[in-house]
> 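Okay, handing you the structure first.
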Amino acid sequence: MDPDEEIEIDFSPFLIVYKSGRVQRFGSTSRKSAGTDATTGVTSKDVVIDAGTSLAARLFLPRGVSGSQKLPVLVYFHGGGFVSESAFSRRYTSYVNAVVAAARVVAVSVEYRLAPEHPVPAAYDDAWAALCWTVASCVPGGSEPWLADHGDSTRLFVAGSSSGGNVAHNVVMRAGKGGGARIEGMVLLHPLFMGKVPVPSEGTDPAFPEIAQRNWRFVCAGKYGIDHPFINPLAMPPGEWAALGCRRALVTTAELDRARDRGQKYVDALRGSAWGWEEPALYETEGEDHLYYFQKRARSDPVMAEKAANEMAAVASFIKRGTRASDCNIRSTL
């Protein structure tokens, strides 16, 4: 059989790796050009952070920002199981547009390297480099004008969806272990965590634990076990949570999501740990599955659309709390 057609690893629904080393990716990866979004009025542009590693980002600025007006800064990491998707995709550009419009932030959506070509921890390293670049740019005369003119690094937020939520957690842990970035808040949206011992929301299929371990071995090239804190923070002793380098935390989950219980247990672990900051918040959407708001039905089904809008409102409210009214230019109804 042609090695370019013979399957080595089937990592559906994300990708297939063939014997020749060819990687075929699936899913919503269609690129959307940067520019001004007709719906939200948010403007975006693309920047290269590190040409050596091809680290790049899409920056977003809300409508109506004037002069040297300062806004909170959001560093965001897309999902895709560590192996697919992009900060430049239609799905994640549209999502960050909506967050920027609702929360009135300057956003940096990070285009990090993907497995299997670049196994974990490459994504974490890229995410950290992007966070450091963002903070360094939020100063007068900084290299990136949008951040230099409008970014307030004292109101710094880190967020991510699914595997991007995992990336966000690990970046915030790194910040707390002496990295130097002061992070006001962390938002984990349906975060992807795993572990050797199943939790109820992962179901009763006896094959699931092995599938989870296989998937994790694939994205990290077998370098870390399934209970390594990178993928299973619940394995950390309570004292180690003190290193989580943010003052506030919000975790969102969905009732029908396999990842639900690990998200809930994350909040429970944080509450019972030595973290010592503000009570972490948990927001759960009833009757929906993982990242339900990306489904086409979320735009056509009024019930699902309302749920998606409510979750977005919770995220925006979390970010905007403590923001000066003069920075909002809109009347909050949250």
Side-chain angles (χ1 to χ4, degrees), residues 28-80 84-114 123 125-161 164 167-168 171 181 187 189 294 312 315-316 319-320 323 327-330:
S28 176
T29 55
S30 60
R31 185 178 177 116
K32 180 180 176 65
S33 297
T36 300
D37 180 61
T39 302
T40 62
V42 170
T43 302
S44 60
K45 66 177 179 179
D46 300 335
V47 298
V48 175
I49 296 174
D50 185 342
T53 60
S54 299
L55 176 60
R58 178 159 286 181
L59 273 58
F60 298 78
L61 193 67
R63 175 169 47 195
V65 178
S66 60
S68 58
Q69 181 182 11
K70 295 292 187 179
L71 299 174
V73 177
L74 173 68
V75 180
Y76 175 82
F77 307 109
H78 67 79
S84 70
E85 270 295 352
S86 167
F88 307 135
S89 72
R90 183 171 302 277
R91 166 179 288 181
Y92 283 101
T93 295
S94 297
Y95 182 75
V96 180
N97 274 332
V99 174
V100 168
R104 298 289 295 174
V105 295
V106 184
V108 179
S109 184
V110 181
E111 180 74 347
Y112 56 85
R113 288 171 292 174
L114 301 175
D125 292 340
D126 286 353
W128 177 250
L131 180 68
C132 292
W133 174 86
T134 299
V135 173
S137 298
C138 292
V139 295
S143 60
E144 170 42 53
W146 284 7
L147 291 170
D149 293 342
H150 305 296
D152 181 357
S153 62
T154 67
R155 293 180 287 167
L156 177 64
F157 291 82
V158 173
S161 301
V167 173
V171 165
V187 182
L189 302 152
F294 286 140
M312 177 64 73
V315 171
I319 293 173
K320 288 161 63 177
T323 299
D327 291 335
C328 294
N329 289 342
I330 56 175

> Strictly distance-based, threshold 3.5 Å: is any side-chain N or O of Arg63 a donor or acceptor partner for the main-chain N or O of Thr36?
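Not confirmed, Arg63 side chain does not pair with Thr36 backbone.
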> Report yes if the side chains of Leu74 and Val100 come closer than 4.5 Å at any heavy-atom pair, otherwise no.
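Leu74 vs Val100: side chains apart.
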> Nearest 0.5 angstrom please: Cys138 SG to Leu71 CG, how far?
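Separation between the atoms: 10.5 Å.
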> Return the CG to NZ distance between Asn97 and Lys32, rounded to the nearest 0.5 Å.
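Separation between the atoms: 7.0 Å.
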> Report yes if some heavy atom in the side chain of Leu189 is under 4.5 Å from a heavy atom in the side chain of Tyr76; otherwise report no.
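SC-SC contact between Leu189 and Tyr76 confirmed.
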> Do Ser143 and Trp133 have side chains that get closer than 4.5 Å, going by heavy atoms?
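In contact.
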> Check the pair Ser68, Asp149 against side-chain contact (heavy atoms from CB on, under 4.5 Å), reporting the backbone distance first and the verdict last.
CA-CA 5 Å; Ser68 58; Asp149 293 342; 5.8 Å; no
> If I compare all heavy atoms of Val110 with all of His78, which pair ends up nearest, and what's the gap?
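Of all heavy-atom pairs spanning Val110 and His78, the closest is O-CD2, 3.6 Å.
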> Side-chain contact, heavy-atom cut-off 4.5 Å: His150 with Leu61?
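A side-chain contact under 4.5 Å exists here.
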> Do Asp37 and Thr40 get their side chains close enough for a donor-acceptor pair, meaning under 3.5 Å?
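Thr40 and Asp37 do have a side-chain donor-acceptor pair below 3.5 Å.
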> Step by step, work out the side-chain contact (heavy atoms from CB on, under 4.5 Å) result for Val106 and Phe60.
CA-CA 6 Å; Val106 184; Phe60 298 78; over 6 Å; no
> Using 0.5 Å steps for rounding, measure from the CZ atom of Arg31 to the OG atom of Ser89.
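So the CZ of Arg31 and the OG of Ser89 are separated by 10.0 Å.
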> Could you tell me which non-hydrogen atom of Gly142 sits nearest to which non-hydrogen atom of Ala148, and how far apart they are?
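Gly142 and Ala148 have their closest heavy atoms at N-CB, 3.6 Å.
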> Determine, for Arg90 against Glu85, whether the closest basic-nitrogen to carboxylate-oxygen distance falls under 4.0 angstrom.
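No, Arg90 and Glu85 are not salt-bridged.
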> Val75 and Leu156: side-chain contact (heavy atoms from CB on, under 4.5 Å), yes or no, with the steps?
CA-CA 8 Å; Val75 180; Leu156 177 64; 4.1 Å; yes
> For the OG atom of Ser30 and the CZ atom of Phe88, what is their distance to the nearest 0.5 Å?
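Nearest 0.5 Å value for the OG-CZ distance: 14.0 Å.
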> Any heavy-atom pair between the side chains of Leu147 and Thr134 that's under 4.5 Å?
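In contact.
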> Is it the case that the side chain of Glu111 and the backbone of Ala87 share a donor-acceptor pair, with hydrogens and angles ignored and the cut-off at 3.5 Å?
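Yes, Glu111 side chain to Ala87 backbone: donor-acceptor pair under 3.5 Å.
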> Can you find a pair of side-chain heavy atoms, one from Val73 and one from Val105, that are under 4.5 Å apart?
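No, too far: nothing below the 4.5 Å cut-off.
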> Grab the two heavy atoms, one from Ala129 and one from Leu55, that are nearest each other, plus how far apart they are.
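Closest approach of Ala129 to Leu55: CB-CD2, 3.7 Å.
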> Could you tell me whether the side chains of Thr93 and Arg58 share a donor-acceptor contact shorter than 3.5 Å?
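On atom types as modelled, these side chains qualify, holding a pair under 3.5 Å.
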> For the atom pair OG (Ser153) and CG (Leu131), what is the distance rounded to the nearest 0.5 Å?
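So the OG of Ser153 and the CG of Leu131 are separated by 10.5 Å.
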> Ignoring hydrogens, what is the shortest heavy-atom contact between Phe77 and Ala127? Give both atom names and the distance.
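Answer, listing the atom of Phe77 first, then Ala127: CE2-CB, 3.3 Å.
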> Quick check: do Thr43 and Trp146 have side-chain heavy atoms less than 4.5 Å from each other?
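The answer is yes, as the side chains (C-beta and beyond) meet within the 4.5 Å cut-off.
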> Hey, what's the ring geometry for Phe294 with Tyr92, parallel, tilted or perpendicular (30° and 60° as the breaks)?
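It falls in the perpendicular class, over 60°.
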> Of all the heavy-atom pairs spanning Arg113 and Thr53, show the shortest one and how long it is.
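In terms of heavy atoms, the two residues are closest at CD-O, 3.7 Å.
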> Which atom names give the shortest non-hydrogen contact between Asp46 and Ala34, and what distance separates them?
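Here Asp46 and Ala34 meet closest at OD1-CB, 3.9 Å.
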